[in-house]
Amino acid sequence: MLKIADKIFNSRLFTGTGKFSSSLKMEEALLASGSELVTVALKRVDINDNQDDILTHLKYPHINLLPNTSGVRNAKEAVFAAQMAREALETNWIKLEIHPDPKYLMPDPIETLKATEELAKLGFIVLPYIHADPVLCKRLEDVGTAAVMPLGAPIGSNKGLKTIDFLEIIISQSNVPVIVDAGIGAPSDAAKAMEIGADAVLVNTAIAVSGNPVLMAEAFKIAVQAGRMAYEAKLGAVGLHAAASSPLTSFLND
Amino acid sequence: MASFNDIFDQYSWEDTSKSIYSKTSVDVERALLTSKRTLEDFKALISPAAAPYLEQMAQISQALTLKRFGKVIQMYVPLYLSNECNNICTYCGFSYDNKVRRKTLSPMEIMQEVAAIKEMGYDHVLLVTGEANQTVHTDYFKKVLELIRPHFAHISMEVQPLDLGDYEELRPYGLNTVLVYQETYHQEDYKKHHPKGKKSNFNYRLETPDRLGQAGIHKMGLGVLIGLEDWRTDSFFTALHLNYLEKKYWQSKYSISFPRLRPFSGGLEPKVAMSDRELVQLICAYRLFNEEVELSISTRESNAFRDNVIKLGITSMSAGSKTNPGGYAVAPQSLEQFEISDERSATEIDEMIAAQGYEAVWKDWDNSLV
């Protein structure tokens with residue numbers, strides 16, 4: 001079972017709330033996904049309105065809210081947004097998203113490191129969205145991050161695990177859970193991420209924008225389970241070298 | 001500091017126009033097949049040669065828009081603060097030489113308008129004025145922003161171009177987005193349509209987005225007034241401008257609008273008419289050229305047209321708009337800047353969007369983010 005900070009998760013599929021055709025559709029899809037951690041953009045919800053359309057559709061005991069800071073451009077704004085989220089949504093969990101680049105939404109590593117350090121000191125459970133940068137992951141560990149969320153490909157691109165070689169390095173040396181976030185376009189991408197040992201994946205666009213979000217959410221649920229089972233069962237080694245017909249070392253047997 | 005002027009000067013209107021009109025079906029097909037499209041591809045997509053490929057363009061445009069923006073349409077509404085104006089513009093109802101009662105809303109009147117807009121459900125407001133620097137200046141804008149900021153998650157402004165220092169001053173007051181349309185990139189024609197007032201300075205307007213970028217304004221809107229000049233050539237220059245700005249001011253977001261000249265009392269006939277089919281071609285061409293840019297459609301367009309373009313690449317729209325200062329509550333009968341076409345209420349538009357399997361989004365920003 002997956003543990004982040006002091007919370008245990010049965011599902012390793014985390015989800016998002018954007019891009020759905022309605023809040024009702026979102027609710028149905030998230031229920032079908034079995035997800036227990038759902039990220040919500042602070043800028044999309046009205047935290048002063050207890051009838052907020054998104055939030056009212058997420059009121060289930062098994063669903064934990066993960067507010068995110070999407071829209072902020074630096075550490076200072078991120079810390080401020082996190083504090084607002086903590087007060088309004090009564091959770092000290094925060095998905096740290098600092099992307100000053102609104103075109104590709106690339107995360108700023110320097111501001112993210114600064115904000116993680118400050119927020120961890122303030123008692124937040126910080127899950128930072130980052131590039132698949134192994135050194136940055138170690139630096140985030142040093143300052144108290146609860147997990148790391150490296151991207152598979154640009155947000156919303158559905159391109160799959162373009163960063164797989166770096167994800168493998170990150171997974172092999174991480175002391176905190178690794179959640180592959182962004183770019184996962186198909187259940188097979190999610191299964192692959194789980195097979196290489198990711199602790200969880202976060203999927204939004206691929207579910208929200210599909211022709212049938214509920215069915216797609218279920219497909220992701222199964223794919224994530226299958227990928228995890230394969231990882232635990234240990235995959236057979238790939239690409240064993242063919243046995244040469246004239247072995248170079250056969251003279252040793254003479 | 002270098003500005004878009006330096007790029008703009010390297011292009012001639014005539015050569016650009018010729019290049020667009022000489023594009024062939026081969027160019028269009030290449031532009032459809034590639035995934036990263038260049039300005040040359042954009043020219044092909046807005047050219048007459050692309051007309052037979054409209055359905056294909058629409059299919060790609062829809063898929064790209066869904067991937068990036070999802071099944072949502074962002075909602076905003078204009079709030080006209082003033083129709084005082086020192087400019088003469090041949091196409092505008094607020095032109096200095098137009099005989100209309102001039103009005104600039106007082107703080108109390110603004111709050112009456114705000115109450116009416118909030119009642120409609122809006123959280124994103126677009127402040128609009130003419131250009132009357134003696135009354136509607138940076139200090140006035142500051143006061144307005146201070147007044148309305150607690151009531152809106154997102155504040156945009158479409159007013160006269162300001163100096164860099166003004167934008168820097170206004171930003172901390174909650175100014176998030178600035179729209180400044182060039183009207184036309186045809187320099188000689190621009191002079192004809194803007195014979196008097198500060199607006200007649202083509203280059204100052206052209207460099208406004210540079211100043212917005214330097215001031216760190218989050219989002220800026222570009223566009224031309226369709227009908228003044230050949231829309232294809234004007235749209236190429238808009239795309240050129242967008243391309244330049246995106247690379248230089250990479251921390252800003254961009255949106256494009258395509259206002260078609262609308263009738264107003266004593267108004268100008270469009271020099272070049274653009275059909276609905278051509279407007280769809282332009283919308284799709286922008287989306288194929290730039291997957292991330294926001295595309296906005298106002299109440300200038302007809303009900304049927306707006307209903308149908310929602311799925312083709314548009315990402316934001318207004319509804320229930322009034323284009324006169326005081327139009328919502330204070331003075332509903334005063335003269336409009338232009339006649340709107342889609343007169344449905346915000347609620348009706350919300351329902352229409354939902355019926356198409358999309359969601360109208362009223363809040364997608366927060367006034368704590370500057």
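First the proteins, then the strands, lettered A, B, ... as listed; each starts at 1. When reading the values below, keep in mind they use all heavy atoms of this one structure, side chains included, and skip hydrogens, waters and symmetry mates.
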Which distance, rounded to the nearest 0.5 Å, do you find between the [atom1] of [X] and the [atom2] of [Y]?
| X | Y | atom1 | atom2 | answer |
| --- | --- | --- | --- | --- |
| B/E359 | A/K19 | CD | NZ | 14.5 Å |
| A/S21 | B/I353 | OG | CD1 | 12.5 Å |
| A/D108 | B/Q251 | CG | CD | 8.0 Å |
| B/W365 | A/L42 | CH2 | CG | 11.0 Å |
| B/R68 | A/T205 | CZ | OG1 | 9.5 Å |
| B/K71 | A/S22 | NZ | OG | 9.5 Å |

field: Derivation and outcome, side-chain contact (heavy atoms from CB on, under 4.5 Å), residues B/D366 and A/M84
entry: CA-CA 11 Å; B/D366 200 276; A/M84 262 183 36; 3.7 Å; yes
Counting only heavy atoms closer than 4.5 Å, note whether [X] contacts chain B via side chain, backbone, both or neither.
| X | value |
| --- | --- |
| A/N204 | neither |
| A/F80 | side chain |
| A/T69 | neither |

field: Which residues share a side chain to side chain donor-acceptor pair (under 3.5 Å) with A/N64, sequence neighbours left out
entry: A/K7
statement: Nearest heavy-atom approach of A/F20 to B/V72 is O-CG1, 3.6 Å
task: Could you pull out the closest heavy-atom pair between A/V209 and B/L66, with the gap in Å?
output: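 Scanning both residues, the minimum pair turns out to be CG2-O, 3.3 Å.
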task: Could you tell me which of A/S70, A/S157, A/A206 has the largest number of non-hydrogen atom pairs under 4.5 Å with chain B?
output: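 Sorted descending by pairs with chain B, the first entry is A/S157.
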message: Please rank A/A41, A/P100, A/A81, A/G185 by heavy-atom pairs under 4.5 Å with chain B and give me the top one.
response: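 Looking at each of A/A41, A/P100, A/A81, A/G185 in turn, A/P100 comes out on top.
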- line: Bottom line for B/E246: the part with an atom under 4.5 Å from chain A's heavy atoms is side chain
message: With a 4.5 angstrom heavy-atom cut-off, is it the side chain or the backbone of B/V361 that approaches chain A, or both, or neither?
response: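 Contact with chain A is through the side chain of B/V361 alone.
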Taking side chain as C-beta onward, heavy atoms only, is [X] less than 4.5 Å from [Y]?
| X | Y | result |
| --- | --- | --- |
| B/N290 | A/K103 | yes |
| B/K363 | A/V45 | no |
| A/P102 | B/E292 | no |

message: Tell me which of these, B/A153, B/G357, B/A354, has more heavy-atom pairs under 4.5 Å with chain A than the rest.
response: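 Of B/A153, B/G357, B/A354, B/G357 has the most heavy-atom pairs under 4.5 Å with chain A.
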